[in-house]
Amino acid sequence: MSLADWLSAPVNWVFTAIALVVLFAGFRVVTSKNLVHAALFLVATLGGTAALFLILSAEFVAWVLVLVYIGAVVVLFLFGIMITRAPTGADVGLDSDEKVIPAVLSAAVFVMLAWASIDAFALLEIVSAG
């Protein structure tokens, strides 16, 4: 499949838009200084992931994701935050200037997983069912 073929399919544009939203929201989950905002960005991430499953015609998995994770787990997180009256702002004691080592480790894990996936599935041919 060439790039022109990929660009001509509208489903690829929808996938790209949803994937960018999921990437942004996932990044904000781990970089947000406010705990409630992080939980709400988690809702956006999980909702976008459910939308990606809907694009793949996996409706059951998408609705399980919405009902179980968004409907139960995230709500439980928010209730736990509100009931315990935990401080929701930034904690100065937890802030660290050390960001290079985690970034390098994350990049190394990504490269290792990408290489293993390509090595495992490079010779398989995708056959259309229709």
Side-chain angles (χ1 to χ4, degrees):
M1 175 182 272
S2 68
L3 181 62
D5 293 336
W6 191 88
L7 290 173
S8 66
V11 71
N12 293 333
W13 288 96
V14 173
F15 172 82
T16 303
I18 295 171
L20 289 174
V21 169
V22 169
L23 282 173
F24 172 74
F27 178 75
R28 291 295 295 150
V29 167
V30 296
T31 58
S32 180
K33 302 242 185 240
N34 189 329
L35 195 56
V36 175
H37 291 168
L40 294 175
F41 279 118
L42 183 60
V43 168
T45 303
L46 293 172
T49 305
L52 291 175
F53 278 121
L54 285 175
I55 290 174
L56 292 172
S57 297
E59 291 88 4
F60 179 75
V61 179
W63 286 115
V64 166
L65 191 74
V66 169
L67 293 174
V68 173
Y69 287 106
I70 296 175
V73 174
V74 174
V75 171
L76 182 66
F77 286 166
L78 290 173
F79 280 159
I81 292 167
M82 290 181 220
I83 289 174
T84 60
R85 295 184 185 166
T88 58
D91 189 1
V92 179
L94 296 176
D95 198 18
S96 174
D97 292 333
E98 188 61 44
K99 293 181 175 97
V100 174
I101 293 174
V104 169
L105 288 175
S106 298
V109 168
F110 174 77
V111 168
M112 181 185 67
L113 288 174
W115 174 78
S117 297
I118 291 170
D119 187 48
F121 299 108
L123 298 177
L124 295 178
E125 181 179 332
I126 298 173
V127 179
S128 177

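We're numbering straight along the sequence, starting at 1.
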Give the C-alpha distance, both sets of side-chain angles, the deciding distance and a yes or no for side-chain contact (heavy atoms from CB on, under 4.5 Å) between F77 and L42.
CA-CA 11 Å; F77 286 166; L42 183 60; 4.2 Å; yes

Could you walk me through whether I101 and L105 pass the side-chain contact (heavy atoms from CB on, under 4.5 Å) check?
CA-CA 6 Å; I101 293 174; L105 288 175; 4.0 Å; yes

Applying the 4.5 Å side-chain criterion to the ILVMFWY set and letting contacts propagate, would V36 and Y69 be lumped into a single cluster?
yes

Which atoms form the tightest heavy-atom contact between P10 and S8, and what is the distance?
CD-O, 3.4 Å

Would you name the heavy atoms of L46 and L65 that are closest together and state the gap between them?
O-CD2, 3.2 Å

Rounded to the nearest 0.5 Å, how far apart are CG of L54 and OG1 of T49?
11.0 Å

Connected via hydrophobic side-chain network under 4.5 Å: V11 and L52
yes

Please identify each residue that fulfils side-chain contact (heavy atoms from CB on, under 4.5 Å) with V64, with sequence neighbours left out.
F60, V68

Where do V66 and A50 come nearest, in terms of heavy atoms and distance?
CG2-CB, 3.7 Å

Can F41 be reached from V73 by stepping across I, L, V, M, F, W or Y side chains whose heavy atoms are under 4.5 Å apart?
yes

Atom pairs and distances, donor-acceptor, side-chain atoms in residues 13-31, under 3.5 Å, two or more places apart:
| unit_1 | atom_1 | unit_2 | atom_2 | d |
| --- | --- | --- | --- | --- |
| W13 | NE1 | L7 | O | 2.7 |
| T16 | OG1 | N12 | O | 2.7 |
| R28 | NH1 | T31 | OG1 | 3.4 |
| T31 | OG1 | F27 | O | 2.9 |

Working to the nearest 0.5 Å, report the span between CG of L113 and CD1 of I118.
11.0 Å

